[in-house]
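Remarks on the structure that follows.
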Amino acid sequence: MAPADPRTAHPVAPGTAGHALPRLVIAAAASSAGKTTVTTGLLAALTSRGVRAAGFKVGPDFIDPGYHALATGRPGRNLDPVMVGQERIAPLFLHGCRVPAPADIAIVEGVMGLFDGRLRTGGQGSTAHIAKLITAPVILVVDGAGSSRTAAAAALGLAAFDPNVQVAGVIVNRVASPAHGAELSQVFADAGMPVLGVLPRDPQIAAPSRHLGLVPASERLESAHTIAALARHVGAHVDLDAVQALARGAAPLAVEPWDPADEVTPVAGRPRIAVFGGRAFTFRYAETTELLEAAGCEVVEVDPLTDVRLPAGVAGLYIGGGFPEVHAADLSGNAGLRRAVADAVAAGVPTVAECAGQLYLGQHLDGHPMVGALAASARMTPRLTLGYRHAQAPAATLVSEPSAPDDSPGVWGHEFHRTQTLPAAGSDPAWVWNNSPAGFSLDPAGLGEPTLHSSYLHLHWAGTPQAAQRFADAASRHAARNQTPTAGPRPRPAEPDHDHDDDNDDHEPPATRDLGGIDLHHHGDRDVADGLIDLAVNVQTPGPRPWLARIIDATTATLGAYPSTDDAVAAIADAHGVDPSMVLPTAGGAEAFALVARALPLAHPLVVHPQFTEPEAALRAAGRAVQRWLLPVSPGADTPSLGELPGWADAAFVGNPTNPTGWLHRRADLLAAGQGRILVVDEAFMDAAQEAESLIAPAMPGRLVLRSLSKTWGLAGLRVGYVVGDPDLVAALAAAQPPWPVSAPALAAMVAVLDADSRAQASTRYAQVDADRAHLVAALEASGFGVVPSSAPFVLIDTSRLGPGSARAPLAARGFAVRRGESFPGLGPTWIRVRVPDPATADAFVATLASLAQASLTARGQGNA
């Protein structure tokens, strides 16, 4: 039997008694019953019949409306009385049913349980609240898993709880078998509750979860197939005719549709607003764009994963919500757009950033460089921040007049994230709630008015149309000041734009530059060239001392036999006073990092930066989801505290002394940081620190220390290292090693350099390094250069006196090779790392650096300032 045409039976048109519109609400007793499955499936199945369906979601959630939009081909919309006021719900609902074209039926997906709303408000914002505001019948989705008669009792209880909510029928979801479905149908029939459909379990249509809910439809390449499968699934098991008939029973709505043109006044000049979208920024209320257009703005979308520059003549930026942490590497790698956004913000282009937008505008996101317009960085955490916020603007901002708590209602917004931004607010915050400042309100161009508004708070601009008006007004003023043309095509070059290191002659392959432009495999040897004095590589001697070379040479006669590690294990254990079961020789520290990354159960590893990049490179190569913890680097400052590392990290990687800073963390601090997780400490330079604060001990539960003998003994080409730690962890690493991983010459060298006489030689050598380092640091500081206090055979130098670029190329032109700073996460190009040389070389180097600084000051017109 062909379905009745709802457009003929009940056309959407204004009438004297109100607006007639077939509609219904999909609800459940609790979350995870299948509301999204049923709602999206109904929308898709009806759309496939030629019915023009409109989808809505109760509350602030952005993800489910994405599936609704994919199912219907029109924007998914939210109905949230907390953020827009209950008086706007029915008008906004009618608006969404008319734009972009009149709908034949509207289906509203509920939130949580039917009567669950804001706490201590009597259910404000609940599905039942919305159903009453739009006088819509309710279909309950009943989770049939593990239930039969009790399911009917629960449904009847919901139907009787509030007589003003019309529970008109049920759809039973996730039934185990036809017999189970028949049993449930009979139970509901006996209870007098109409059953509109019985859906069997189907794993093919499950939408994968994300830390904030379902994965956005725009991020799932297979979403269209999922929607099609949902349409078939629901169409085959739900009586769509009965659903439409139920929807047609809704009484006309006696309100007028919301009109964005009634909320704002058009501005002059038709300013062009770039709205960020694509897979990284999927969260934006449809009414936001509609209000901007009604205010006279031209809205164009920018995809920061593909567009490498902003549209011509842009006069405003709106960067909403999404999951930028999932795309952090790609967002960071799009350096052209990052630069363009930074330049636009600095030039005073009005910019609104909500939640994900704030992460993008910060300096780093999980260690990946971002735009840098905010003096803040963000990282993922396991803690979900979720809820409504009643906020006030402490001063006039780009989107709000001042609203003191005692004389203004403020605004209602919503937080929804698992990230932490540090600091959480600037000196001029965007908002204050619960007496705490949040976000940033800035005037980066010095115009005398804030042009940057950034916060975790999502606003629904239909409830705060003044935000759209103020933003449009500011964009209009910017366009007038700059006489920016708004016509012309949007540039979209075929070739991507990348960060260019003009003095980089290394030609790294693109595959190593996919982490925000940081090449994790860049090491000091890449900064060395023929004819340069090598201050970039930290190996103390160009090769082994003669006595050590003779020991290594003597192994040549034994190379026909497979090597045994027994003597080396015994030597390492004896040198450190540990049991041999705690020792594993490795082919240098690099192999040790690779073994740790591959062999241990590291679900959430955390790398403390700045530090040697090989641990993170090894973790990423092993497919681990690495997070970064950035410590502040300041000339003259003491070693920063490790602080309270986040509890979600099941492993932490720390350098001690740390490369490139030379920080020496206290043993007690390291032990505290390692509580409840695997702790991996890179002690490649610990012999230079005379073993101070080493974590090697007779008992090392949950801890691993990685050592290298290359630096002290000139053995980088021989690959000589070892691991000491928890015997169970060491055994796991050994099981992942290939047979005979360490050569006979390397094993012989290990035994030789770990005896008492050799260690005494090393101690004497590093006592001289300490004196040479003090000479170098004094000379640098006397010349006005900032130096990070170091306990290692190198120092980290701030060369910002030379200007914003890297000093590496100018120094190379004067005969010195230094280690570039920008290849370490958390550092920029004005930092260089320098191996401690003899005093004469140090004096020559400092003199060269000082002359470069003076030349830079002169070129910038600052003379001897």
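Since the model is a prediction, treat every value here as computed from it, not as a measurement.
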Are any non-hydrogen side-chain atoms of [X] and [Y] less than 4.5 angstrom apart?
X: D567; Y: L747; answer: no
X: V742; Y: P563; answer: no
X: P657; Y: F794; answer: no
X: R820; Y: P829; answer: no
X: L729; Y: I678; answer: yes
X: R379; Y: L422; answer: yes
X: V583; Y: V723; answer: no
X: Q363; Y: M370; answer: no

State, to 0.1 Å, how close [X] and [Y] come at their nearest heavy-atom pair, and which atoms those are.
X: A732; Y: L600; value: CB-CD2, 3.9 Å
X: L849; Y: L802; value: O-CD1, 4.2 Å
X: A575; Y: L754; value: CB-O, 3.9 Å
X: L827; Y: P660; value: CD1-CG, 3.8 Å
X: A792; Y: R773; value: O-NH1, 2.7 Å
X: V705; Y: M700; value: CG2-CE, 3.7 Å

For [Y], is there any backbone N or O sitting under 3.5 Å from a side-chain donor or acceptor partner on [X]?
X: D650; Y: L602; answer: no
X: R833; Y: V818; answer: no
X: S758; Y: A752; answer: yes
X: T799; Y: T830; answer: yes
X: R677; Y: A649; answer: yes
X: D579; Y: M582; answer: no
X: S783; Y: F785; answer: no
X: R703; Y: G674; answer: no
X: N656; Y: T658; answer: no
X: Q768; Y: R765; answer: no

Subject >> H775 NE2: over 12 foreign heavy atoms closer than 6.0 Å >> reply: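 Atom NE2 in H775 is packed in, count exceeds 12.
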How long is the straight-line distance from [atom2] of [Y] back to [atom1] of [X], given to the nearest 0.5 Å?
X: I832; Y: E822; atom1: CD1; atom2: CD; answer: 10.5 Å
X: D669; Y: S641; atom1: CG; atom2: OG; answer: 6.0 Å
X: E614; Y: F653; atom1: CD; atom2: CZ; answer: 12.0 Å
X: N659; Y: T613; atom1: CG; atom2: OG1; answer: 8.5 Å
X: L715; Y: R545; atom1: CG; atom2: CZ; answer: 9.5 Å
X: S332; Y: L365; atom1: OG; atom2: CG; answer: 9.0 Å

Table please: side-chain donor-acceptor pairs of residues 684-693 below 3.5 Å, with sequence neighbours left out.
| residue | atom | partner | partner atom | Å |
| --- | --- | --- | --- | --- |
| D687 | OD2 | T712 | OG1 | 2.5 |
| Q690 | OE1 | S763 | OG | 2.9 |
| Q690 | NE2 | S763 | O | 3.1 |
| E691 | OE1 | R707 | NH2 | 2.6 |
| E691 | OE2 | R707 | NH1 | 3.4 |
| E693 | OE1 | R667 | N | 2.8 |

**OP:** Verify the ring-centre separation between Y456 and H417: is it less than 6.0 angstrom?
**Re:** yes
**OP:** Measure centre to centre between the rings of Y722 and H576, then say whether the value is under 6.0 Å.
**Re:** yes
Subject >> Qualifying residues under side chain to side chain donor-acceptor pair (under 3.5 Å), relative to D838, sequence neighbours excluded >> reply: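 D838 satisfies side chain to side chain donor-acceptor pair (under 3.5 Å) with T841 only.
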Subject >> Residues E591 and Q737: side-chain donor-acceptor under 3.5 angstrom >> reply: yes
**OP:** Measure the acute angle between the ring planes of F612 and F593, then classify it against the limits of 30° and 60° as parallel, tilted or perpendicular.
**Re:**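 Tilted, since the angle between the ring planes falls between 30° and 60°.
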**OP:** Carefully, step by step, assess Q761 and D757 under the rule side-chain hydrogen bond (donor to acceptor under 3.5 Å, both in side chains).
**Re:** CA-CA 6 Å; Q761 288 184 38; D757 288 343; over 6 Å; no
